[in-house]
> 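Shown below is the structure under consideration.
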Amino acid sequence: MNLEAERRRDELLELLWRLNEFYTLDLPALRQHDTDNRYEQYLREFAQNGMIRIKGEQIELTPKGMSRAEGLVRRHRLAERLLVDVLGKNPAETEESACEFEHLLAPDLVEAICTLLGHPKTCPHGIVIPPGACCKEARTTVHSMVIPLSELRQHEQTSIAFLNTLDIKQMNRLMAMGLVPGVQLNLLQRYPALVVQLADQTQLAFEESVGQIIHVWQRPSTKADTH
């Protein structure tokens, strides 16, 4: 198998997914975003093997093509999440590494990483991560390093991993309050409202539903925690 050609096919499927997600899925849009004319040679092959349908200038991903593209996009965006949340990379620097990661991750490893990260809904750029079976089953068989703030032990110090919401306005409001990835905090109170203290001594109170959105790094339990 020609691995380079296979990678080009995968890149084309991802591009078709993004065009369908953000723009218009047709030949003019593909040519606009494929300035090097790298991918059109694979379109006929995709049409022949049932990945796409072409009607005039319109392109349609078939269920087969949609499933394949969704898996690729999911792996890519989870790889970005892993690079940023676990390895501390800058979101602007993740694209090339995420492209490499997505071709190396086996399906079962993808589900384990997703569970490990607490089933994030968006990539570091705020774009939706297609959910997998582990998300739909809320699988927790892999101990998660990241948990909702509402599940944190009282008086435990931690830092924010990410905000798990698709509501951009809500995300912006929380970030304006200083609740951004990397910020350290201490959970002072759990009831009747969650109260946290940030590193600059600012104290914030909010309801538990907001605590479900704010995901934080969990300190591994020790024997002392059980006493």
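Note that the structure is a prediction, hence the values are computed from the model and not measured.
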> Can you confirm whether Cys114 sits close enough to Arg74 that some side-chain heavy atom of one is under 4.5 Å from a side-chain heavy atom of the other?
yes
> Any side-chain heavy-atom pair from Met66 and Asn20 closer than 4.5 angstrom?
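Yes, at least one pair of side-chain atoms sits under 4.5 Å.
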> Only counting residues at least two apart or in another chain, list the ones meeting ring-ring contact (aromatic ring centres under 6.0 Å, His included) with His215.
Phe162
> Which pair of non-hydrogen atoms, one from His76 and one from Cys99, has the smallest distance, and what is that distance?
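The pair with the smallest heavy-atom distance is CE1-SG, 3.5 Å.
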> Where is the tightest heavy-atom contact between Asn49 and Met51, given as atom of each residue plus distance?
OD1-CG, 3.0 Å
> Roughly how far, to the nearest 0.5 Å, is NE2 of His119 from CD1 of Ile113?
13.0 Å
> Just wondering, do Arg81 and Thr122 contact through their side chains at under 4.5 Å, heavy atoms?
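With C-beta onward as the side chain, the pair touches.
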> What closest approach, in Å, do Leu179 and Leu163 show between heavy atoms, and which atom pair accounts for it?
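The pair with the smallest heavy-atom distance is O-CD1, 3.5 Å.
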> For Ile127, enumerate each residue passing the side-chain contact (heavy atoms from CB on, under 4.5 Å) test, keeping only those at least two apart in sequence or located in another chain.
Glu21, Phe22, Arg77, Cys123, His125
> How far apart are the closest heavy atoms of Leu185 and Val196, and which atoms are they?
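Heavy-atom minimum between the residues: CD1-CG1, 4.3 Å.
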> So, taking the atom named OH in Tyr42 and the one named CG in Asp10, what distance separates them when rounded to the nearest 0.5 Å?
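The distance works out to 10.5 Å.
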> Do NZ/NE/NH1/NH2 and the carboxylate oxygens of Arg75 and Glu70 come within less than 4.0 Å?
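Salt bridge absent between Arg75 and Glu70.
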> For Leu82 and Val84: C-alpha separation, side-chain torsions, deciding distance, then whether side chain to side chain contact (heavy atoms under 4.5 Å, CB included) applies.
CA-CA 5 Å; Leu82 181 69; Val84 171; over 6 Å; no
> About how many Å separate CD of Gln154 and CG of Leu188, when rounded to the nearest 0.5 Å?
8.0 Å
> Rounded to the nearest 0.5 Å, what separates atom NE2 in His155 from atom CZ in Arg190?
11.0 Å
> Once you round to the nearest 0.5 Å, how far does CG of Asn186 lie from CD of Gln157?
4.5 Å
> For the pair Gln41 (side chain) and Arg38 (backbone), establish whether a donor and an acceptor sit closer than 3.5 Å, ignoring hydrogens and angles.
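Yes; at least one donor-acceptor contact below 3.5 Å.
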> With side-chain hydrogen bond (donor to acceptor under 3.5 Å, both in side chains) as the criterion, how do Ser150 and Gln212 come out once you've worked through the C-alpha distance, each side chain's angles and the decisive distance to 0.1 Å?
CA-CA 6 Å; Ser150 57; Gln212 290 287 332; 2.8 Å; yes
> Would you check if Ile214 and Val210 make a side-chain contact, meaning some heavy-atom pair closer than 4.5 Å?
yes
> Within a strict 4.5 Å, meaning less than it, do heavy atoms of the Phe46 and Arg9 side chains meet?
yes
> As a quick check of understanding, evaluate side chain to side chain contact (heavy atoms under 4.5 Å, CB included) for Arg53 and Thr62, giving each step before the final call.
CA-CA 7 Å; Arg53 300 186 188 94; Thr62 65; 3.8 Å; yes
> Quick check: closest heavy atoms across Leu27 and Gly56, and the distance to 0.1 Å?
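Scanning both residues completely, I find the closest heavy atoms to be CD1-O, 3.8 Å.
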> Can you list every pair that meets salt bridge (Lys or Arg N to Asp or Glu O under 4.0 Å) and has a residue in residues 196-210, with sequence neighbours left out?
none
> Mind checking whether Glu40 and Leu30 have side chains closer than 4.5 Å, heavy atoms only?
yes
> Is a side-chain N or O of Ser67 found less than 3.5 angstrom from the main chain of Lys64, in a donor-acceptor match?
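No, the answer is negative, given that no donor and acceptor are paired below the 3.5 Å cut-off.
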> Counting only N and O atoms by type, is there a donor-acceptor contact under 3.5 Å from the side chain of Asp34 to the main-chain atoms of Tyr39?
yes
> Could you grab the distance from atom CD1 of Ile52 to atom CD of Gln58, nearest 0.5 Å is fine?
12.0 Å
> Starting from the C-alpha separation in whole Å, work towards a yes-or-no answer on side chain to side chain contact (heavy atoms under 4.5 Å, CB included) for Leu204 and Val195.
CA-CA 6 Å; Leu204 302 171; Val195 178; over 6 Å; no
> Would you mind reporting whether Arg18 and Tyr23 have side-chain heavy atoms less than 4.5 Å apart?
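Of all side-chain heavy-atom pairs linking Arg18 with Tyr23, none is under 4.5 Å.
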> Minimum heavy-atom separation for Glu80 to Ala98, with atom names?
CG-CB, 3.5 Å
> May I have the step-by-step check of salt bridge (Lys or Arg N to Asp or Glu O under 4.0 Å) for Arg68 and Glu6, ending in yes or no?
CA-CA 13 Å; Arg68 171 74 176 171; Glu6 190 65 22; 3.8 Å; yes
> Got a donor-acceptor contact below 3.5 angstrom from the Gln170 side chain to the Leu174 backbone?
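Pair absent, no side-chain N/O of Gln170 close to backbone of Leu174.
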> Would you mind reporting whether Trp17 and Leu19 have side-chain heavy atoms less than 4.5 Å apart?
no
> Is a side-chain N or O of Thr158 found less than 3.5 angstrom from the main chain of Trp217, in a donor-acceptor match?
yes
> Report yes or no: does Thr115 contribute a side-chain atom to a donor-acceptor pair with the main-chain N or O of Glu111 at less than 3.5 Å?
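Such a contact is found between Thr115 side chain and Glu111 backbone.
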> Would His33 and Leu15 satisfy side chain to side chain contact (heavy atoms under 4.5 Å, CB included), going step by step from the backbone distance to the final call?
CA-CA 8 Å; His33 289 83; Leu15 176 57; 4.1 Å; yes
